[in-house]
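Working notes for the structure below.
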Amino acid sequence: MTDPRPRALASLSDEITSCRRCPRLVEWRERVARERVARFADEPYWGRPVPGFGDPAARLLIVGLAPAAHGGNRTGRVFTGDRSGDFLWTALARTGVSNMGVARRRDDGLELTGAYVAAVVRCAPPLNRPTTIERDACLPFLARELALLADVRVVLALGGFGWDGALRAIATLGHALRPRPRFAHGAEATIGPYSLLGAYHPSQQNTFTGRLTPAMFEAVLRRARELTVPDRPAVPDGPADSDRPAVRGHVSFEVE
């Protein structure tokens with residue numbers, strides 16, 4: 001029987017790319033696409049919301065914040081064409097998830113195996129900071145992607161904003177955890193059928209300062225892959241999960 005997920009995800013992607021719900025984000029993404037920056041002055045810009053990307057049979061969902069103004073907002077593919085993306089794809093290639101360590105264009109042949117990458121907010125936000133209203137307007141897209149990605153068992157949240165968005169999307173599907181787990185690099189929580197992992201965001205402010213190193217990031221990716229193994233023992237749902245202590249950590253706002 002034909003797998004319906006690729007078609008359903010493609011239909012959702014079309015809906016995402018045509019969204020104009022948030023006037024501030026629409027104005028900003030389109031202005032950036034018109035005015036551009038000198039280094040990309042001769043390149044066409046996508047200038048629209050950016051859908052998720054990856055394997056429809058993914059067991060791992062990676063969630064970032066939003067497209068970068070001159071990254072995903074330019075290329076039309078999340079985490080593509082900027083330094084954060086270079087860091088991410090290199091790590092994914094080294095851990096066997098991606099077939100390439102660099103992503104520059106939507107048609108460059110990049111493929112993911114067992115993973116899907118998305119963002120909480122689909123338009124590039126001014127100053128890299130979406131509002132809570134904009135987050136809430138966009139969040140249903142992430143929840144619907146997660147619902148369509150029926151094989152996903154691990155959600156890797158990049159940064160505090162990604163962690164918060166992942167928790168909200170999972171709750172939308174009927175799985176909530178109390179007390180609410182807090183973000184930290186390497187944090188883990190079990191919520192319904194999902195294992196939620198946290199990692200510092202691969203933004204330049206983290207990678208250039210050494211707060212996040214390739215070794216640190218790859219260790220979390222390896223842990224995520226361990227947890228996606230189909231025959232691993234099931235973790236029981238229910239009240240026992242609510243007894244887990246909250247995980248403490250720094251919550252930051254970082255683009256993509």
Side-chain angles (χ1 to χ4, degrees), residues 9 13 16-17 29 32-33 36-124 128 145 149 154-159 161-162 185 197 199-225 228 254-256:
L9 286 166
S13 293
I16 290 170
T17 59
R29 79 192 190 207
V32 169
R36 309 178 186 178
V37 291
R39 66 185 183 278
F40 299 127
D42 296 329
E43 294 191 19
Y45 270 60
W46 175 258
R48 289 182 280 166
V50 180
F53 166 78
D55 185 352
R59 295 185 68 83
L60 168 64
L61 172 63
I62 302 172
V63 180
L65 192 163
H70 304 288
N73 189 56
R74 174 173 57 87
T75 67
R77 188 173 64 200
V78 65
F79 277 110
T80 298
D82 64 359
R83 293 291 184 87
S84 293
D86 292 346
F87 189 97
L88 176 68
W89 301 122
T90 297
L92 291 177
R94 287 175 60 88
T95 53
V97 177
S98 170
N99 67 327
M100 296 168 55
V102 176
R104 294 293 181 225
R105 305 181 313 277
R106 294 179 73 239
D107 60 353
D108 58 11
L110 179 71
E111 295 180 0
L112 298 180
T113 301
Y116 198 90
V117 182
V120 178
V121 174
R122 304 311 171 103
C123 295
N128 300 343
E145 277 177 333
L149 295 166
V154 179
V155 179
L156 173 57
L158 306 181
F161 196 96
H185 183 81
L197 301 185
Y200 288 140
H201 195 285
S203 62
Q204 292 184 52
Q205 67 206 64
N206 285 335
T207 59
F208 281 17
T209 61
R211 185 164 185 256
L212 178 65
T213 67
M216 289 170 61
F217 194 65
E218 288 170 26
V220 175
L221 284 174
R222 286 194 296 271
R223 175 59 177 158
R225 295 204 69 189
T228 62
E254 295 131 357
V255 74
E256 250 180 9

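Not measured: the values here are computed from a predicted model.
For the atom pair Thr113 OG1 and Leu60 CG, the distance stands at 11.5 Å (nearest 0.5 Å). Between the CG atom of Leu158 and the CZ atom of Phe217 there is a distance of 5.0 Å, given to the nearest 0.5 Å. Atoms CG and OG1, on Asp86 and Thr80 in that order, are 9.5 Å from each other to the nearest 0.5 Å. Rounded to the nearest 0.5 Å, atoms OG1 (Thr75) and CZ (Phe40) are 9.5 Å apart. Here Glu111 contributes atom CD and Asp55 contributes atom CG; the two are 9.5 Å apart, rounded to the nearest 0.5 Å. Met216 CE to Leu221 CG: the interatomic distance, rounded to the nearest 0.5 Å, is 12.0 Å.
Taking a 6.0 Å sphere around CG of Asp42, one finds it holds 12 or fewer heavy atoms contributed by other residues, nucleotides or ligands. Counted within 6.0 Å of CZ on Arg36, heavy atoms from surrounding residues, nucleotides or ligands total more than 12; the atom is thus considered enclosed. The neighbour count for Arg104 CZ, taken as heavy atoms of other residues, nucleotides or ligands under 6.0 Å away, is above 12.
A donor-acceptor pair is defined here as one N or O able to donate and one able to accept, closer than 3.5 Å; no such pair exists between the side chain of Asn206 and the backbone of Leu212. Checking side-chain atoms of Thr90 against main-chain N and O of Gly101 turns up a donor-acceptor pair under 3.5 Å. Between the Arg83 side chain and the Gln204 main chain, no donor and acceptor come within less than 3.5 Å of each other. The closest donor-acceptor contact from the side chain of Arg74 to the backbone of Gly81 lies under 3.5 Å. Remark: side-chain polar atoms of Arg59 are paired, donor with acceptor, to backbone N or O of Thr228 under 3.5 angstrom. Distance alone, capped at 3.5 Å, is enough to place a donor-acceptor pair between the Glu145 side chain and the Gly52 backbone.
Side-chain contact between Asp82 and His70 is absent, with no heavy atoms from C-beta onward closer than 4.5 Å. With contacts defined as side-chain heavy-atom distances shorter than 4.5 Å, the pair Arg77/Asp108 qualifies. You'll find the side chain of Pro202 reaches within 4.5 Å of the side chain of Phe79, heavy atoms only. In this structure, Ile62 and Leu92 have side chains that are in contact, with non-hydrogen atoms separated by less than 4.5 Å. Proximity of Leu112 to Trp89: side-chain heavy atoms (C-beta onward) are separated by under 4.5 Å at one or more points. Side-chain contact between Leu149 and Leu9 is present, with at least one heavy-atom pair separated by less than 4.5 Å. Side-chain contact between Arg225 and Val97 is present, with heavy atoms from C-beta onward closer than 4.5 Å.
For the residue pair Leu110 and Phe53, the shortest heavy atom distance occurs at O-CZ, 3.4 Å. In terms of heavy atoms, Val50 sits closest to Gly76 at CG1-O, 3.7 Å. In terms of heavy-atom proximity, Pro51 sits nearest to Thr17 at CD-CG2, 3.6 Å. Nearest heavy atoms, Leu61 versus Ala118: CD1-CB, 4.3 Å. Closest of all the heavy-atom pairs between Leu156 and Ala199 is CD1-CB, 4.0 Å. Ala33 and Tyr45 get closest at one heavy-atom pair: CB-CB, 3.5 Å.
Phe161 pairs in a side chain to side chain contact (heavy atoms under 4.5 Å, CB included) with only one of the listed residues (Val63, Leu65, Asn128), which is Leu65.
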